[in-house]
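The structure appears below as structure tokens.
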Protein chains: 2
Amino acid sequence: MHPTVAEPTAPFPASTHDHASCRDWILRRAESLCAEKKVRFTPQRREVLEILAASHRALGAYDILEHMHRVERRPPPAAVYRALEFLLALGVIHRMAGRNAYFACTRPEHGRGEIQFWICRRCGVVGETESVVIAGEVPRLAATLGFQVGAVNMEIEGECQACRGC
Amino acid sequence: MHPTVAEPTAPFPASTHDHASCRDWILRRAESLCAEKKVRFTPQRREVLEILAASHRALGAYDILEHMHRVERRPPPAAVYRALEFLLALGVIHRMAGRNAYFACTRPEHGRGEIQFWICRRCGVVGETESVVIAGEVPRLAATLGFQVGAVNMEIEGECQACRGC
DNA sequence: GGTATATTGATACAGTATATCATGTCAAAC
DNA sequence: GTTTGACATGATATACTGTATCAATATACC
Ligand SMILES: [Zn+2]
Ligand SMILES: [Zn+2]
Ligand SMILES: [Zn+2]
Ligand SMILES: [Zn+2]
């Protein structure tokens with residue numbers, strides 16, 4: 001189904017990891033999912049994903065736009081937002097509401113399930129976890145509130161191991 | 001220290017609750033905290049808090065602005081943002097990043113600690129919980145990542161009990 | 001090829017938030 | 001009681017984030 005490549009990164013990407021294969025995995029998964037869903041992975045959509053996959057940082061839509069240097073003319077903002085919307089729906093990127101920023105998902109299991117986003121306030125690197133404890137706790141809390149859970153968003157800002165070393 | 005009023009609302013405000021006393025509690029806590037910290041609870045700051053405390057809904061900054069009907073002239077956006085910044089720092093309101101909206105905190109224990117925000121996508125009512133399970137899980141996950149936790153933001157969108165009944 | 005559908009281009013605009021500098025208010029110090 | 005300094009607000013402009021609309025183009029399917 002999905003390309004049989006080793007899991008691309010640890011939950012929090014180490015500075016030493018092999019990012020070339022990490023990046024490839026992200027793009028191949030997108031290709032694979034598009035084929036599965038019979039939707040088109042156009043050059044523009046690919047370019048936006050490539051820009052995000054180039055790092056493990058969260059970028060704003062206009063940051064992405066600046067990286068899209070067409071020779072003739074830069075595409076309008078809506079082009080980026082359309083690509084982002086497509087990639088979000090495909091499940092290969094995530095949005096950090098707290099920063100109005102987007103980043104490429106690097107976790108094979110992230111189709112569904114509750115995710116925690118970890119972002120370093122110094123270097124901007126993003127990590128992802130899927131705590132089973134939290135995944136169990138949310139429905140339990142919801143039950144006591146009589147609340148029907150739709151979407152869950154959890155973002156933890158702080159300092160990553162690499163930056164704490166400095 | 002804080003006014004000795006009964007806890008204002010349940011984690012998720014019932015439609016039947018006594019909102020007059022709930023609202024009073026929010027404003028008195030703000031007064032009390034301002035006295036403690038020796039900062040000024042000016043009319044403008046009070047007005048913004050009153051607007052938020054009027055409901056358990058999350059309002060955008062410009063929604064708040066519309067409610068500030070001065071006779072002469074409406075204050076500029078920055079006035080609202082300045083008041084919101086002040087109230088956030090005081091700890092009497094919260095910001096929902098996922099909606100660019102703000103709401104009055106109704107939980108006595110919310111000085112520090114990890115909070116879950118629950119927002120109904122139909123009626124917009126906001127609830128708050130403080131799960132000890134999640135409060136314990138976050139540092140545990142952080143330790144495995146070598147991550148130093150700063151701020152945590154957790155938002156759950158769905159449907160509240162009242163709206164599910166409809 | 002011809003038609004329906006999806007995608008992109010182009011333009012405008014809405015919504016959210018901040019920067020900057022001037023003016024006003026308050027309270028303590030003199 | 002006036003000076004003084006810190007804090008708060010007013011006024012204006014602008015930056016940042018995201019969407020609406022409609023025309024043009026590309027792709028898929030018959
Ligand atoms: Zn990588
Ligand atoms: Zn870092
Ligand atoms: Zn209430
Ligand atoms: Zn509701």
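Values reported hereafter were calculated over all heavy atoms of this structure, with side chains retained and with hydrogens, waters and symmetry mates removed. Chain letters run A, B, ... following the sequence lines, proteins first, then strands; residues in each count from 1.
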Within the distance-only criterion (no hydrogens, no angle test), does the side chain of Arg29(B) pair as donor or acceptor with the backbone N or O of Arg107(B) below 3.5 angstrom? yes
Please give, in whole Å, the distance from dA6(C) P to Lys37(A) NZ? 16 Å
Whether Arg46(B) engages the ring of Phe41(B) as a cation-pi pair (distance to the six-membered ring centre under 6.0 angstrom, angle to the ring normal within 45°) should be assessed. no
For Val126(A) against Pro13(A), the heavy-atom pair lying closest together: O-CD, 3.4 Å
Give a yes or no answer on whether the side chain of Glu155(A) reaches the backbone of Trp118(A) with a donor-acceptor pair at less than 3.5 Å. no
Polar atom pairs (N or O), protein with nucleotides 13-18 of chain D, under 3.5 Å:
from	atom 1	to	atom 2	distance (Å)
dG18(D)	OP1	Arg95(A)	NH2	2.3
dG18(D)	OP2	Tyr81(A)	OH	3.1
dG18(D)	OP2	Tyr102(A)	OH	3.3
dG18(D)	O5'	Tyr81(A)	OH	3.4
dG18(D)	N7	Tyr62(A)	OH	2.9

Sorted by number, residues from residues 40-52 of chain A placing a heavy atom under 4.0 Å from DNA chain C are Arg40(A), Thr42(A), Gln44(A), Arg45(A)
Between dT9(D), dT11(C), dT21(D), which one does the side chain of Pro76(A) approach most closely? dT11(C)
Taking Glu128(A) for its side chain and Thr106(A) for its backbone only, find out whether a donor-acceptor pair lies under 3.5 Å. yes
Side chain Gln116(A), main chain Ser131(A), donor-acceptor under 3.5 Å: yes
Between dG10(D) and Arg74(B), counting only base atoms on the nucleotide and side-chain atoms on the residue, is there a donor-acceptor pair under 3.5 Å? no
Rounded to the nearest Å, what distance is computed from the CZ atom of residue Arg82(A) to the C1' atom of nucleotide dT19(D)? 10 Å
Side-chain (Asp63(B)) to main-chain (Gly60(B)) donor-acceptor, under 3.5 angstrom: yes
With sequence neighbours left out, the residues meeting side chain to side chain donor-acceptor pair (under 3.5 Å) with Arg121(B) are Glu157(B)
Atom pair distance, as rounded to whole Å: CG in Leu88(B) and P in dT18(C): 11 Å
To the nearest 0.5 Å, what is the distance between CZ (Phe117(A)) and SG (Cys105(A))? 8.0 Å
I need the CD-C1' distance between Glu85(B) and dA17(C), as an integer number of Å. 11 Å
Could you tell me the separation between the NZ atom of Lys38(B) and the C1' atom of dA8(D), rounded to a whole number of Å? 19 Å
Could you check how far CG of Leu59(B) sits from C1' of dT16(C), rounded to whole Å? 15 Å
